[in-house]
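First comes the structure, then the notes that go with it.
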2 protein chains.
Amino acid sequence: MSRNTVGKSKILEIIQSSPIALSHATIQEQMKGTCDRVTIYRILERLVKENEIHRIVNVNGVVNFAACKSCSHSSHHHDHLHFSCTTCGELTCFEDQSVDLKLPSNFIIQEYQLTVAGLCGKCS
Amino acid sequence: MSRNTVGKSKILEIIQSSPIALSHATIQEQMKGTCDRVTIYRILERLVKENEIHRIVNVNGVVNFAACKSCSHSSHHHDHLHFSCTTCGELTCFEDQSVDLKLPSNFIIQEYQLTVAGLCGKCS
DNA sequence: GTTAATTTCGCAACACAGTTGCATAAATAT
DNA sequence: ATATTTATGCAACTGTGTTGCGAAATTAAC
């Protein structure tokens with residue numbers, strides 16, 4: 001079983017108290033040297049596996065993490081939309097926006113990555 | 001103005017004759033040492049700017065390139081869906097699948113990145 | 001409570017995608 | 001034919017993410 005360490009709790013708290021998705025680099029900054037770079041990667045990996053957070057690939061290719069709000073631990077649906085601001089870089093989740101897709105029946109969907117980039121409310 | 005060089009023509013041809021989107025690494029392979037790594041990056045950049053191809057960030061964070069089929073040189077709409085196969089790695093464009101999004105009015109959309117990952121028709 | 005088994009951590013080193021600077025080469029304009 | 005502009009190749013670098021391994025910390029067993 002996965003253990004609850006100081007680093008893990010702190011990282012989860014940082015992500016949960018953030019209104020936007022955070023990158024590894026940003027989290028590392030907020031950890032202020034408490035944790036090793038690699039440890040942060042591994043903790044994030046664990047938190048994803050335990051369904052505490054979900055990973056979103058930003059339009060710049062960098063992975064961001066956000067807390068799973070509307071997901072219970074059993075049912076996960078990360079098919080919602082993300083908005084990435086090209087000015088301030090903030091990645092926002094629109095958990096109410098789910099998209100219905102009509103793919104050929106032999107295509108099996110495992111993971112969603114629905115992101116739109118542009119200017120967010122603050123920057124427009 | 002941008003020039004039409006041997007490398008540029010060859011790369012455009014590789015992308016246009018491919019049914020799936022290609023990464024820099026794959027294109028470099030197909031160029032068989034004709035072109036420097038960096039030159040390929042720069043040619044791809046030029047082709048994107050000239051609206052010959054468009055870039056899609058795959059779920060693994062790697063940028064892929066596909067020819068602009070249904071886009072004229074004046075009107076671009078890259079709001080269509082992409083499917084990334086987790087087994088064979090192929091990135092397919094669904095140019096007929098456009099998604100309607102309902103964002104707050106103060107959000108200005110500049111770029112789309114709508115990708116779904118899973119098993120493609122061949123791998124399912 | 002002490003010891004053994006697991007898990008996590010930190011460090012070093014690595015892999016890979018992508019970028020920048022600069023001198024040279026090639027293509028276009030004069 | 002020469003000057004100007006653009007493109008290329010090479011080297012070096014940045015940033016994100018990964019792997020291996022010994023040490024430290026945590027949990028389980030005795």
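Small disclaimer: the values here were computed from a predicted structure and weren't measured. Proteins come first, then strands; the chains are lettered A, B, ... in the order of their sequence lines, and each starts at number 1.
- At least one side-chain nitrogen or oxygen of B:Thr5 sits closer than 4.0 Å to the OP1 or OP2 atom of D:dT8.
- Phosphate contact (OP1/OP2 of D:dA7, side-chain N/O of B:Arg46, threshold under 4.0 Å): present.
- Distances were taken from every side-chain heavy atom of B:Tyr41 (C-beta onward) to each of C:dG10, D:dT16, C:dT19; the shortest belongs to C:dT19.
- The closest donor-acceptor contact from the side chain of A:His82 to the backbone of A:Ala117 lies at 3.5 Å or more, if one exists at all.
- Where A:Ser23 and A:Val38 each meet DNA chain D at their nearest nucleotide, the meeting point lying more 5' is that of A:Ser23.
- Rounded to a whole Å, the CZ atom of B:Arg37 is 10 Å from the P atom of C:dT19.
- When the P atom of D:dA7 is taken as reference, atom CD1 of B:Ile40 falls 16 Å away, rounded to whole Å.
- For A:Arg42 and C:dT7, the CZ to P distance is 14 Å, given to the nearest whole Å.
- Residue B:Thr39 places no side-chain N or O under 4.0 Å from the OP1 or OP2 atom of D:dA7.
- Between B:Ile27 and B:Leu44, the shortest heavy-atom distance links the atoms CD1-CD2, 3.9 Å.
- Between the P atom of C:dA25 and the CZ atom of B:Arg3 lies a distance of 16 Å, rounded to the nearest Å.
- Both B:Glu45 and B:Asn4 lie close to DNA chain C; mapped to their nearest nucleotides by heavy-atom distance, the more 5′-ward contact belongs to B:Glu45.
- Look at CD1 on A:Ile43: it is 16 Å from P on D:dG17, rounded to the nearest Å.
- Side-chain contact between A:Tyr112 and B:Val116: present, with at least one pair of heavy atoms (C-beta onward) separated by less than 4.5 Å.
- There is a side-chain donor-acceptor pair under 3.5 Å between B:Lys8 and B:Ser2.
- Atom pair A:Glu29:CD and D:dT16:C1' shows a separation of 15 Å (rounding to whole Å applied).
- If you take CG of B:Leu44 and P of D:dT8, they are 11 Å apart, rounded to a whole angstrom.
- Between B:Asn64 and B:Ser23, the side chains place no donor N or O within less than 3.5 Å of an acceptor N or O (distance only, hydrogens not considered).
- Among D:dA7, C:dG10, C:dA17, the nucleotide with an atom closest to any side-chain atom of B:Ser2 is D:dA7.
- The CG-P distance, from B:Asp36 to D:dA12, rounds to 14 Å in whole Å.
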